[in-house]
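Keep in mind that the numbers below use all heavy atoms, side chains included, and drop hydrogens, waters and symmetry copies. Convention: sequence-line order gives letters A, B, ...; per-chain numbering from 1.
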Protein chains: 2
Amino acid sequence: MNLADQGLLLELQLCFDVYAASRAINKAYRPLLEALGLTYPQYLVMLVLWQHEAQTVKQLGEQLQLDSGTLSPLLKRLESAGFLQRQRRASDEREVEIQLTDAGRALRQQASNVPASIFKALGLTASDYFELKRLLHQVMASVEANNPD
Amino acid sequence: MNLADQGLLLELQLCFDVYAASRAINKAYRPLLEALGLTYPQYLVMLVLWQHEAQTVKQLGEQLQLDSGTLSPLLKRLESAGFLQRQRRASDEREVEIQLTDAGRALRQQASNVPASIFKALGLTASDYFELKRLLHQVMASVEANNPD
DNA sequence: AGCAATTATATTGTGCGCAATTCAATTTGT
DNA sequence: ACAAATTGAATTGCGCACAATATAATTGCT
């Protein structure tokens with residue numbers, strides 16, 4: 001097998017591992033989040049809102065690297081589930097401010113055991129944890145430099 | 001901020017990084033694969049078929065960790081794009097064997113530069129590349145042990 | 001042989017992700 | 001002041017992922 005062909009081997013490809021790991025992690029979250037009535041992306045939105053309650057769609061999108069095409073329908077679902085409310089800002093009618101409801105805030109307590117469960121499931125030592133984080137950040141920085149938004 | 005919240009942030013970041021990195025990598029593939037008329041998951045299927053031409057849906061699914069709910073429509077699209085054919089096996093009519101067409105085989109040459117382009121875009125040294133691969137495999141093994149298919 | 005599991009694939013329904021487009025509100029340039 | 005450009009969000013369309021279900025073929029059990 002020549003060099004060009006080696007690059008085309010699935011088992012040698014790091015990118016497939018990232019893709020597969022992302023799906024495997026999502027699967028680990030699923031049963032935990034199902035109990036809260038959330039999907040993983042919805043959980044991420046709630047995490048951001050638990051940190052800072054009032055945010056616009058744009059601000060959420062910047063932190064999660066998601067655009068309005070993804071966020072708008074997701075936020076609608078979270079609204080109809082009763083976890084948040086959306087309203088146009090008076091100061092700038094283009095912006096939509098997302099506010100947690102009491103139910104949305106209450107969900108935080110129910111979610112408090114999720115991180116520890118997941119961390120345990122990852123099976124990483126502390127040093128491997130930070131090493132993995134460092135490498136992923138490096139990949140993202142490099143990829144985004146080559147392929148700017 | 002209390003302890004539960006801290007652990008929460010820690011876990012969040014790594015899982016989010018894997019999720020974000022997966023999407024960033026997909027974005028890097030997109031323009032390269034668009035030229036071939038493939039999506040990233042379709043490219044993965046083609047990689048497997050380039051290595052071993054005749055495979056059943058089940059065999060593809062095992063290597064890519066995808067089920068028929070994902071693969072069946074994807075393979076239909078690859079068939080209608082002219083890259084492969086699907087036919088029930090005579091020896092076992094439950095199985096569907098996937099065969100590359102000439103066009104599907106020809107695509108391999110056009111894709112031969114993709115792995116090198118992506119590797120360059122990842123911006124990793126060889127040792128970081130393998131270290132990241134090792135850590136992702138460890139995460140997947142651990143997560144799947146806790147959460148068997 | 002005959003019926004109950006099991007197996008392989010397909011289908012249905014839901015929720016992302018993301019490119020492209022649309023629309024209204026605001027900002028910029030002159 | 002006002003037309004042009006920009007911005008923020010929503011919508012549309014497509015292709016995954018994946019749970020749940022359906023269907024048909026094969027295998028196992030007795």
Side-chain angles (χ1 to χ4, degrees), chain A residues 16 18-31 33-34 37-46 55-62 64-81 84 86-98 144 147-149, chain B residues 16 18-31 33-34 37-46 55-62 64-81 86-98 144 147 149:
Chain A
F16 175 69
V18 176
Y19 162 76
S22 180
R23 288 186 293 127
I25 289 173
N26 198 300
K27 244 178 204 167
Y29 271 105
R30 189 176 299 268
L33 296 182
E34 223 159 47
L38 295 175
T39 64
Y40 181 61
Q42 288 168 7
Y43 171 69
L44 292 176
V45 167
M46 296 303 289
Q55 305 214 39
T56 64
V57 175
K58 179 184 167 59
Q59 289 171 324
L60 288 171
E62 280 164 357
L64 300 173
Q65 298 290 328
L66 293 171
D67 66 13
S68 69
T70 299
L71 286 175
S72 285
L74 187 156
L75 291 168
K76 261 193 198 172
R77 283 186 286 271
L78 285 176
E79 183 176 41
S80 65
L84 53 80
R86 303 180 304 148
Q87 56 185 20
R88 293 276 165 185
R89 270 203 175 144
S91 63
D92 186 339
E93 290 275 351
R94 288 172 304 184
E95 298 181 338
V96 168
E97 188 166 89
I98 308 301
E144 279 154 21
N147 215 19
D149 302 333
Chain B
F16 176 70
V18 174
Y19 163 75
S22 180
R23 288 185 294 127
I25 289 172
N26 198 299
K27 246 178 203 169
Y29 271 104
R30 189 176 299 267
L33 296 182
E34 223 159 48
L38 295 175
T39 65
Y40 182 61
Q42 288 168 6
Y43 169 70
L44 293 177
V45 167
M46 295 303 289
Q55 305 212 41
T56 65
V57 174
K58 178 183 167 61
Q59 289 170 323
L60 288 172
E62 281 164 357
L64 299 174
Q65 299 289 330
L66 293 171
D67 65 13
S68 70
T70 299
L71 285 175
S72 286
L74 187 155
L75 291 167
K76 262 193 195 171
R77 283 186 286 271
L78 285 176
E79 183 176 39
S80 64
R86 303 179 305 147
Q87 56 184 20
R88 294 275 165 186
R89 271 203 176 143
S91 63
D92 186 340
E93 290 274 351
R94 289 173 303 182
E95 300 181 338
V96 169
E97 188 167 271
I98 308 301
E144 279 154 20
N147 213 18
D149 303 333

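- The residue among B:Q65 and A:V57 whose nearest nucleotide of DNA chain D lies closer to the 5′ end is A:V57.
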Measure all distances between protein nitrogen or oxygen atoms and nitrogen or oxygen atoms of nucleotides 15-17 of chain D, and list the pairs falling under 3.5 Å.
residue	atom	partner	partner atom	Å
D:dC16	OP1	B:T39	OG1	2.7
D:dC16	OP2	B:Q42	NE2	2.6
D:dC16	OP2	B:R77	NE	2.9
D:dC16	OP2	B:R77	NH2	3.1
D:dC16	O5'	B:R77	NH2	2.9
D:dA17	OP2	A:Y19	OH	2.4

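- A:L71 places its CG atom 10 Å from the P atom of C:dC16, with the value rounded to the nearest Å.
- With sequence neighbours left out, A:Q42 forms a side-chain contact (heavy atoms from CB on, under 4.5 Å) with A:L38, A:T39, A:L74, A:R77, A:L78.
- Side-chain to base pairing of A:S68 with D:dA10: one donor and one acceptor N or O lie within less than 3.5 Å of each other.
- When the C1' atom of D:dG8 is taken as reference, atom CG of A:L75 falls 13 Å away, rounded to whole Å.
- Residues A:T56 and A:D92 form no side-chain contact, since every pair of their non-hydrogen atoms from C-beta on lies 4.5 Å or further apart.
- One can place CD of A:Q55 at 11 Å from P of D:dA9, the figure rounded to the nearest angstrom.
- The distance from atom CG of A:L60 to atom P of C:dG17 is 14 Å, rounded to the nearest whole Å.
- To the nearest angstrom, C1' of C:dT27 lies 13 Å from CD of A:E95.
- Nucleotide C:dC16 holds its C1' atom 17 Å from the OH atom of A:Y29, rounded to whole Å.
- Using a distance-only test at 3.5 Å, with no hydrogens or angles considered, a donor-acceptor pair links the side chain of A:D67 to the main chain of A:T70.
- Each of B:K27 and B:T56 lies near DNA chain C, and the nucleotide nearest B:T56 is the one positioned closer to the 5' end.
- Summarising the geometry of B:P31 relative to B:K27, their closest heavy-atom pair is CD-O, 3.2 Å, with the distance given to 0.1 Å.
- Inter-residue side-chain proximity for B:Q55 and B:E97 is flagged as unmet; no heavy-atom pair is nearer than 4.5 Å.
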Protein-nucleotides 24-28 of chain D N/O pairs closer than 3.5 Å?
residue	atom	partner	partner atom	Å
D:dT26	OP1	B:E93	N	3.1

Inset, instruction - Please lay out, stage by stage, how A:E79 and A:R86 fare under the test salt bridge (Lys or Arg N to Asp or Glu O under 4.0 Å). - result: CA-CA 7 Å; A:E79 183 176 41; A:R86 303 180 304 148; 3.1 Å; yes
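- For the pair B:R88 CZ and C:dT7 C1', the interatomic distance rounds to 12 Å; values are reported in whole Å.
- Atom OG of residue B:S22 and atom OH of residue B:Y40 lie 7.5 Å apart, to the nearest 0.5 angstrom.
- Under a 3.5 Å cut-off, the side chain of A:R88 and the backbone N or O of A:E93 do form a donor-acceptor pair.
- Going from atom CD of A:E62 over to atom C1' of D:dG8 covers 11 Å, rounded to whole Å.
- Map A:E34 and A:Q59 each onto its nearest nucleotide of DNA chain D; the residue landing nearer the 5' end is A:Q59.
- Panel note: side chain A:R89, backbone A:E95; no donor-acceptor pair is recorded below 3.5 Å.
- Picking from D:dT11, D:dA9, C:dT9 the nucleotide with the shortest atom distance to the side chain of A:K76 gives D:dT11.
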